[in-house]
A.B. asks: 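Submitted below is the structure of interest, expressed as structure tokens.
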Amino acid sequence: MNLDQYRLIIHRRMNAFRAGWLFYLLLVGAVNIAGERITDHPAFSGLMGFVAGGLLVGIFSMSKFHRALKDDAALRRLYNAEHDERMQMIRAKAGVPVVLILSVAMIGAGLIATFFNMTVAMTLVFAAVLQMLVSLAIKFWCMRTM
């Protein structure tokens, strides 16, 4: 893969973040239309917080991508960091790709569960956060020992 192809991948990622922003703005716009019955529900607050947190991560990623697109040396460093074989092995040992997907799914299930039982919802969210913290600890341990 050359830098021009990687540049296109970065543009696609930035467009995905922009789509997330559009979804968030539509969600905020729906608050003005929706009644108090919907906005007072804990699920709505959880959803808004979940989306806002994801968008904050997106802002930092977009700024990193924007800086990299302006400078070929920075783009090459970003490419090398993403395709570093040692870090890919460490991420695989820590189960990062699977843990991330499962944790997001558990948090989503927790948001849905707030409509039915708050104890189940909080348990799902707590388990997802604990799962991510354990994976992070394993990742740091592998980084120090490998």
A.B. asks: Which pairs pass salt bridge (charged side-chain N to carboxylate O under 4.0 Å, His left out) with one or both residues in residues 60-74, sequence neighbours excluded?
C.D. replies: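 As it turns out, the salt bridge (charged side-chain N to carboxylate O under 4.0 Å, His left out) pairs with a partner in residues 60-74, which skip direct neighbours, are Arg7-Asp72.
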A.B. asks: Do Met89 and Met87 sit in the same hydrophobic cluster, where Ile, Leu, Val, Met, Phe, Trp and Tyr count as joined when their side-chain heavy atoms come under 4.5 Å apart?
C.D. replies: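 Yes, Met89 connects to Met87 through the hydrophobic network.
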A.B. asks: Going by side-chain contact (heavy atoms from CB on, under 4.5 Å), name the residues that satisfy it together with Ser61, two or more places apart in sequence or in a different chain.
C.D. replies: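 Partners of Ser61 under the side-chain contact (heavy atoms from CB on, under 4.5 Å) test: Phe17, Val57, Phe65.
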A.B. asks: Taking distance alone, no hydrogens or angles, what donor-acceptor pairs closer than 3.5 Å link side-chain atoms of residues 137-146 to residues at least two apart or in another chain?
C.D. replies:
| from | atom 1 | to | atom 2 | distance (Å) |
| --- | --- | --- | --- | --- |
| Thr145 | OG1 | Trp141 | O | 3.0 |

A.B. asks: Mind checking side-chain contact (heavy atoms from CB on, under 4.5 Å) for Ile59 and listing every partner two or more places apart, or none if nothing turns up?
C.D. replies: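 Testing Ile59 for side-chain contact (heavy atoms from CB on, under 4.5 Å), a comparison that skips the adjacent residues, returns Trp21, Leu56.
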A.B. asks: If you group Ile, Leu, Val, Met, Phe, Trp and Tyr by side-chain heavy-atom gaps below 4.5 Å, do Leu78 and Leu69 land in one group?
C.D. replies: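 Linked within one cluster.
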A.B. asks: Roughly how far apart are Ile10 CD1 and Met62 CE, rounded to 0.5 Å?
C.D. replies: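 Rounded to the nearest 0.5 Å, the CD1-CE separation comes out at 11.0 Å.
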A.B. asks: Going by side-chain heavy atoms closer than 4.5 Å, which hydrophobic residues are tied to Met122, directly or by a chain of links?
C.D. replies: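 Members alongside Met122: Met118.
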A.B. asks: Could you pull out the closest heavy-atom pair between Leu75 and Ala68, with the gap in Å?
C.D. replies: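 Smallest heavy-atom distance, with atoms named: CB-O, 3.4 Å.
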A.B. asks: Please identify each residue that fulfils side chain to side chain donor-acceptor pair (under 3.5 Å) with Thr114, with sequence neighbours left out.
C.D. replies: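 Not a single residue meets the side chain to side chain donor-acceptor pair (under 3.5 Å) criterion with Thr114.
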A.B. asks: Taking ILVMFWY side chains as joined if any heavy atoms are under 4.5 angstrom apart, and letting links pass through other members, which residues group with Leu26?
C.D. replies: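 Leu22, which link up through side-chain heavy atoms under 4.5 Å apart, make up the rest of the cluster.
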A.B. asks: Give the cluster check for Leu55 versus Phe23: same hydrophobic cluster or not, with ILVMFWY residues linked at side-chain heavy-atom distances below 4.5 Å.
C.D. replies: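 Yes, one cluster joins them.
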A.B. asks: Let me confirm one number: the CD1-CE distance from Ile101 to Met106, rounded to the nearest 0.5 Å.
C.D. replies: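 Rounded to the nearest 0.5 Å, the CD1-CE separation comes to 14.0 Å.
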A.B. asks: Other members of the hydrophobic cluster containing Phe60, with the 4.5 Å side-chain heavy-atom rule, please.
C.D. replies: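 Traced through the cluster, Phe60 reaches no other member.
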A.B. asks: Applying salt bridge (charged side-chain N to carboxylate O under 4.0 Å, His left out) as the test, list every pair that has at least one member in residues 10-25; sequence neighbours left out.
C.D. replies: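 Residue pairs passing salt bridge (charged side-chain N to carboxylate O under 4.0 Å, His left out), neighbours aside: Arg13-Glu82.
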A.B. asks: Under the side-chain contact (heavy atoms from CB on, under 4.5 Å) test, which residues partner Val120, sequence neighbours left out?
C.D. replies: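 If we apply the side-chain contact (heavy atoms from CB on, under 4.5 Å) test to Val120, skipping adjacent residues, the hits are Ala113, Asn117, Leu124.
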A.B. asks: Using a side-chain heavy atom cutoff under 4.5 Å and only I, L, V, M, F, W and Y, what cluster partners does Val98 have?
C.D. replies: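 Under the 4.5 Å side-chain rule, Val98 groups with Leu102.
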A.B. asks: For Leu133, enumerate each residue passing the side-chain contact (heavy atoms from CB on, under 4.5 Å) test, keeping only those at least two apart in sequence or located in another chain.
C.D. replies: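 Expected list: Val129.
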A.B. asks: How far apart are the closest heavy atoms of Gly110 and Ala121, and which atoms are they?
C.D. replies: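 Taking every non-hydrogen atom into account, O-CB, 3.2 Å.
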A.B. asks: Between the side chain of Thr123 and the main-chain N/O of Thr119, is any donor-acceptor distance below 3.5 Å?
C.D. replies: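 Yes: the side chain of Thr123 pairs with the backbone of Thr119.
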A.B. asks: Linking I/L/V/M/F/W/Y whenever any side-chain heavy atoms sit under 4.5 Å apart, do Val104 and Leu111 land together?
C.D. replies: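 Per the 4.5 Å side-chain linkage, Val104 and Leu111 are co-clustered.
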